[in-house]
Amino acid sequence: MEAHRLSSTKPVQSLKPTKKIPLEEDTGKASDALPLPLYLTNALFFTLFFSVVYFLLSRWREKIRTSTPLHVVTFSEIIAILSFFASFIYLLGFFGIDFVQSLVFQPSPDVWIAEDEEEDDEVLLAKEEARKVPCGQALDCSLPPLPPAAPIVTIQKVFDEKPVTVLTEEDEEIIKSVVAGTTPSYSLESKLGDCKRAAAIRREALQRLTGKSLSGLPLDGFDYESILGQCCEMPVGYVQIPVGIAGPLLVNGREYSVPMATTEGCLVASTNRGCKAIHLSGGATSVLLKDGMTRAPCVRFGTAKRAADLKLYLEDPDNFETLSVVFNRSSRFGRLQGIKCAIAGKNLYIRFTCSTGDAMGMNMVSKGVQNVLDFLQTDFPDMDVIGISGNYCSDKKPAAVNWIEGRGKSVVCEATIKGDVVRKVLKTSVESLVELNMLKNLTGSAMAGALGGFNAHASNIVAAIYIATGQDPAQNVESSHCITMMEAVNDGKDLHISVTMPSIEVGTVGGGTQLASQSACLNLLGVKGASKETPGANSRTLATIVASAVLAGELSLMSAISAGQLVRSHMKYNRSSKDVSKAT
Ligand code: ADP
């Protein structure tokens, strides 16, 4: 869980507001005066205020009429005067202060200002500001001028349109039957034909069964129809994960704003700093080397000889065409690329590799494999299919086969970071980065017996992008296999950095990619859905973006470690100053 945010780079610092804006929870409110619901407290003080005003005015009129001196006051008048002030102060506190403040303090774009600006950074940043697309808000944090009509209303509208779920009497009956076990929880969607209602009922039944509250886990504001039969069974709500933006990430001549869903402080800021260093150095180059998803069933024979017969048959180039025709029947996009077998005695593991268009491809490859197994049964009737997956694929487990052969997209990405940028943005030197990389990412990982883990924190970036874009986060295991290389170039002045990632498993169709939030993140990257022109182009571009973002993350974290800032910045940005015991 390593990530870092430098405390002294200009863009990162500019994220810090100079005025501390207190959180709502920290601020005492006038309505807290009495332990009553807000509307009752307000009603009470309103009534008090107008009653005493009426009383005092009538007393005043009476005194004038009877020529009684005004300063001669009775006990009830003293009480009325005190009540008048108390209710006036309350009403001013509740309605008045915010209104006055909104008149006195106009929102100023200067609330976010950069600290610790360095003269030399100006030159670098001038170049950065000359970028084509103004998506550098992540780097340049000064607020843009406010648009005339606030688009935030759209977000508000979405929530306003969805009324908070209210359970009816009929729902109550169903909840009771779920609690009693007469209605299976999993059957609610099909029984009710309303996914949202099913989730609400299941949730309520769960709370009653467990005696535990789910308040805090939102239910409203999610399209439960969109996950039915595809993404999640038996939903009771959804977890909110913030999405941050790192970028612009300049790769292959294009700028990308990279969405990262994470709850790890420093991670987005650190990646953002890496993006800045890459941008100021002319960008990264990311090359796709291979694109093929794999599935490896396990089959068993009576003898090792028969297993060997099948291996020879499958690996014979003369049989490939027949097998690919059979395999490719499963999909318009799945195209068999190769077959690689491994034998363990009488057992054969057959690793099929196929292209999968813009899909990550697990379903597609599995269907093709099933076709081939059915076909083989004719010539090899003694073949016993143990399982469609025999772990030689290898999915969601660390395995050398993926590290060596690749799985999904294999990508290499490089950048040459200027010495100036290393010093001024990354606050370290080329020499110390190269040394750290050799001792940590290469030697240290070798000492640890790493498998594909020759990097600082590739999985941090991969996981955050995967969650934001609807990938399968479990595939982070092999998708994060990465070797980070660094060397001094141009007479030792500049830094050459590369990341080689052989198993990036991503798709832009299927799975979680079609859900609204994830789809929006893919859209931001310009890779939403199926590529119309070239099937597979979107998912391949996504893989090159993932590798480039990893490069940015490696650059920044390695710099932080080499400059000795990691712990300091984590203590500052990754540790809440809230008293957790009180919060609990
Ligand atoms: P996966 O194989 O990654 O699990 P799915 O099977 O869920 O993915 O989704 C792939 C589906 O999307 C297939 O039915 C396929 O026919 C369809 N599809 C549409 N356009 C494309 C495309 N450009 N590339 C890949 N699949 C596509």
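Atoms within a ligand are numbered from 1 in the order they appear, just like the ligands themselves. Residue numbers start at 1 and run along the sequence shown.
Counting non-hydrogen atoms of neighbouring residues, nucleotides and ligands closer than 6.0 angstrom, the CZ atom of R306 exceeds 12 such neighbours. Open room surrounds NZ on K340; 12 or fewer heavy atoms of other groups in view lie less than 6.0 Å from it. A 6.0 Å sphere centred on NZ of K191 holds no more than 12 heavy atoms belonging to other residues, nucleotides or ligands.
Scanning all protein heavy atoms for the shortest distance to atom 14 (O) of ligand 1 gives K367 NZ, 4.9 Å. The protein heavy atom nearest to atom 12 (O) of ligand 1 is V509 CG2, 4.0 Å. Among all protein heavy atoms, the one lying closest to atom 18 (N) of ligand 1 is F333 CE1, 3.6 Å.
Those atoms of ligand 1 that come under 4.0 Å of a heavy atom in T356, given as number and element, are 24 (N), 25 (C). The contact set between ligand 1 and A359, taken as ligand atoms under 4.0 Å from a residue heavy atom, comprises 3 (O), 8 (O), 10 (C), 24 (N), 25 (C), 26 (N). Taking every non-hydrogen atom of M364 and a distance limit under 4.0 Å, the qualifying atoms of ligand 1 come out as 2 (O), 25 (C), 26 (N). Those atoms of ligand 1 that come under 4.0 Å of a heavy atom in M360, given as number and element, are 3 (O). Taking every non-hydrogen atom of G511 and a distance limit under 4.0 Å, the qualifying atoms of ligand 1 come out as 7 (O).
The shortest N/O to N/O separation between A530 and ligand 1 does not fall below 3.5 Å. At a 3.5 angstrom cut-off on N or O pairs, D358 counts as close to ligand 1. On a distance-only criterion, N363 and ligand 1 share at least one N/O pair closer than 3.5 Å.
Of the N and O atoms on the side chains of T484 and E554, at least one donor lies less than 3.5 Å from an acceptor on the other residue. For the residue pair D291/S355, the side-chain donor-acceptor check at 3.5 Å is not satisfied.
Within the 4.0 Å heavy-atom shell around ligand 1 one does not find G507.
Distance alone, capped at 3.5 Å, is enough to place a donor-acceptor pair between the R351 side chain and the Y392 backbone.
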Please step through salt bridge (Lys or Arg N to Asp or Glu O under 4.0 Å) for the pair R202 and E189, ending with a clear verdict.
-> CA-CA 10 Å; R202 176 179 298 115; E189 275 78 3; 2.7 Å; yes

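The six-membered or imidazole ring of F327 lies away from that of F375, with a centre-to-centre distance of 6.0 Å or more.
The aromatic rings of F301 and F380 sit perpendicular to each other, their planes meeting at more than 60°, with 30° as the lower class boundary.
Of the candidates G510, C231, G361, it is G361 that places a heavy atom closest to atom 3 (O) of ligand 1.
Distance check for atom 21 (C) of ligand 1: a protein heavy atom is found below 4.0 Å.
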